[in-house]
There are 2 protein chains.
Amino acid sequence: MSDAEFYADPTHSIGYLTRIAFRAFARALEVRTAPHGVSAGQWRFLRVLWQEDGLTQRELSRRVGMREPTTVIALNSLERSNFVVRQKSVEDRRKVHVYLTPEAKALHAVLMPAVAQVNAVALAGLTPDEIAILRKALTQVGRNLAVDADDAPSMDSAA
Amino acid sequence: MSDAEFYADPTHSIGYLTRIAFRAFARALEVRTAPHGVSAGQWRFLRVLWQEDGLTQRELSRRVGMREPTTVIALNSLERSNFVVRQKSVEDRRKVHVYLTPEAKALHAVLMPAVAQVNAVALAGLTPDEIAILRKALTQVGRNLAVDADDAPSMDSAA
DNA sequence: CCTAATTCGTTAGAATACTATCTATTTCGT
DNA sequence: ACGAAATAGATAGTATTCTAACGAATTAGG
């Protein structure tokens with residue numbers, strides 16, 4: 001098989017493999033968090049807030065890796081579920097700080113083992129070296145394509 | 001930083017990195033296909049059909065890596081865009097075969113360079129060995145978690 | 001041959017995430 | 001101090017994907 005044929009095969013492209021892996025991760029996590037009333041969309045935000053409570057929505061968006069309207073929707077949902085409260089900043093009234101409720105804080109100890117388990121399952125059969133390279137490569141890919149988004153909005157500008 | 005802290009950090013988990021990379025891929029491709037009237041959802045199906053035209057919807061779903069209702073929606077959209085036609089099977093009237101229109105076939109030569117370009121951008125700075133391991137590791141992760149989905153529907157059944 | 005189970009596609013309804021646009025607030029240049 | 005620009009968040013509308021449930025067609029068991 002030539003290089004061209006290899007990359008033309010949808011089931012071998014890095015993009016395809018990344019999509020399949022992402023969806024599998026999301027599903028595996030959701031299966032474990034849903035019984036505790038935490039959806040996939042809520043999970044990602046809780047994880048970041050467990051690390052640093054009281055972030056503004058802007059900061060939260062950046063750390064979770066979502067756009068702000070997505071954060072607004074997720075926070076509405078988290079508020080309805082009594083997992084967070086919004087509190088307007090006093091020194092800058094545009095800002096809103098997001099704080100975990102005791103219920104959400106209590107979920108930390110319950111749900112974090114799920115991540116560990118999903119990671120263990122996901123990485124079974126890979127050596128520590130391979131895992132390190134996987135991590136490095138995914139980081140690089142994300143960075144490379146983020147740059148692309150900034151400076152290559154059309155197909156004609158490169159190639 | 002301890003192992004526990006490392007894995008607790010959302011921005012270092014393989015799941016997070018995979019999500020960021022996937023979204024970046026999807027966006028980079030969409031930017032290049034959209035000017036030709038092809039959305040992200042349509043793109044994945046066209047790629048598979050370019051390789052093997054006339055598949056049934058079931059087969060198509062399996063190869064694209066989507067559930068069947070998703071395929072139905074994508075095909076409705078592809079049909080509206082005049083990219084595919086559905087044709088009922090004569091020997092098994094449950095089945096529907098999906099065929100590319102000449103318009104869609106013509107897009108192959110136009111859009112495939114986009115994949116090559118996105119892949120080149122995405123993988124810049126990685127060695128061939130690292131890319132090979134990335135590919136292998138993503139495949140393994142997908143397989144590991146697919147198995148998990150089958151036999152570990154709740155968090156209590158393992159751990 | 002006929003009932004039961006399986007297979008294929010579809011519909012309904014929900015969750016997640018996006019772009020584009022809006023309002024409110026703050027900051028900065030003159 | 002005042003108008004322009006920037007920043008924070010929210011809203012509207014759309015796209016993608018899922019699970020659950022259903023209808024139609026086919027296959028298999030008795």
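Order of the sequence lines fixes the chain letters, A, B, ..., with proteins taken first and strands second; residue numbering starts at 1 for each chain. As a basis for the values below, the full set of heavy atoms in this structure was taken, side chains included, without hydrogen atoms, waters or symmetry mates.
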Looking at A:T71, I'd like to know whether one of its side-chain N or O atoms comes within less than 4.0 Å of OP1 or OP2 on D:dG9. no
Steps toward side chain to side chain contact (heavy atoms under 4.5 Å, CB included) verdict (A:N144, B:L123): CA-CA 7 Å; A:N144 286 342; B:L123 301 176; 5.9 Å; no
Considering only heavy side-chain atoms of A:R58, the closest of D:dG9, C:dT25, D:dC18 is D:dG9
Quick check on DNA chain D: between A:R19 and A:T56, whose nearest nucleotide comes earlier from the 5' end? A:T56
Taking all atoms of both residues into account, what is the closest heavy-atom pair of A:Q57 and A:V72, and its distance? NE2-CG2, 3.8 Å
CD (A:Q117) and CG (A:L29) are apart, to the nearest 0.5 Å, by 10.0 Å
Phosphate OP1/OP2 of C:dC18: any B:R23 side-chain N/O under 4.0 Å: yes
From the options D:dT17, D:dT7, C:dG9, select the nucleotide whose nearest atom is closest to the side chain of B:V72. C:dG9
Nearest-neighbour nucleotide for the B:V96 side chain, C:dG9, D:dT17, C:dA12 considered: C:dG9
Proximal nucleotide (of C:dT10, C:dA17, D:dT11) relative to the B:R86 side chain: C:dT10
Strictly below 4.0 Å: does A:R93 bring a side-chain N or O up to OP1 or OP2 of C:dA24? no
Can you tell which of C:dT25, C:dG9, D:dA12 lies closest to the side chain of B:E68? C:dG9
CH2 of B:W43 versus P of D:dT17: gap in Å, rounded? 14 Å
Taking atom types as they are modelled, is there a donor-acceptor pair under 3.5 Å from the base of D:dT7 to the side chain of A:R94? yes
Minimum heavy-atom separation for A:A104 and A:L46, please, with both atom names. CB-CD2, 4.1 Å
Length of the CG-P vector between B:N76 and D:dT17, whole Å: 14 Å
How many Å lie between CG on B:L75 and P on D:dT16, as a whole number? 13 Å
Tell me the interatomic distance from B:H97, atom NE2, to C:dT7, atom C1', rounded to whole angstroms. 14 Å
Atom-to-atom span, CD of A:Q87 to P of D:dA8 - whole angstrom: 18 Å
Give me the ring orientation class for B:W50 and B:H108: parallel if the planes are under 30° apart, tilted from 30 to 60°, perpendicular past 60°. perpendicular
Locate the shortest heavy-atom distance separating B:R32 from B:A114; write the atom from each residue and the value. CB-CB, 3.9 Å
I'd like to know if the side chain of A:Q42 pairs up with that of A:S77 as donor and acceptor (distance under 3.5 Å, no hydrogens or angles considered). yes
Starting at the 5' end of DNA chain D, what dot-bracket string do you get if Watson-Crick and G-U pairs under 3.5 Å are bracketed, crossing pairs use [ ], other-strand pairs use | and unpaired bases use dots? ||||||||||||||||||||||||||||||
To the nearest Å, how far apart are A:M66 CE and C:dT16 P? 9 Å
Does A:T70 make a side-chain N or O approach to OP1 or OP2 of C:dC18 shorter than 4.0 Å? yes
Where each residue is assigned the nucleotide of DNA chain C containing its nearest heavy atom, which of A:I73 and A:E91 is assigned the position nearer the 5′ end? A:I73
Which is more 5' along DNA chain C, the nucleotide nearest A:R44 or the one nearest B:Q57? Just name the residue. B:Q57
Selection from D:dA25, D:dA20, C:dT19 that lies nearest to any side-chain heavy atom of B:D92: D:dA25
Quick one: A:E30 CD to C:dA14 C1', roughly how many Å, whole number? 11 Å
When rounded to the nearest 0.5 Å, the distance separating CD1 of B:I20 from OG1 of A:T18 is 12.5 Å
Starting at CD of B:Q42 and ending at P of D:dA15, how long is that distance when rounded to a whole Å? 10 Å
Side chain of B:K95: nearest nucleotide among D:dA10, C:dG9, D:dT17? C:dG9
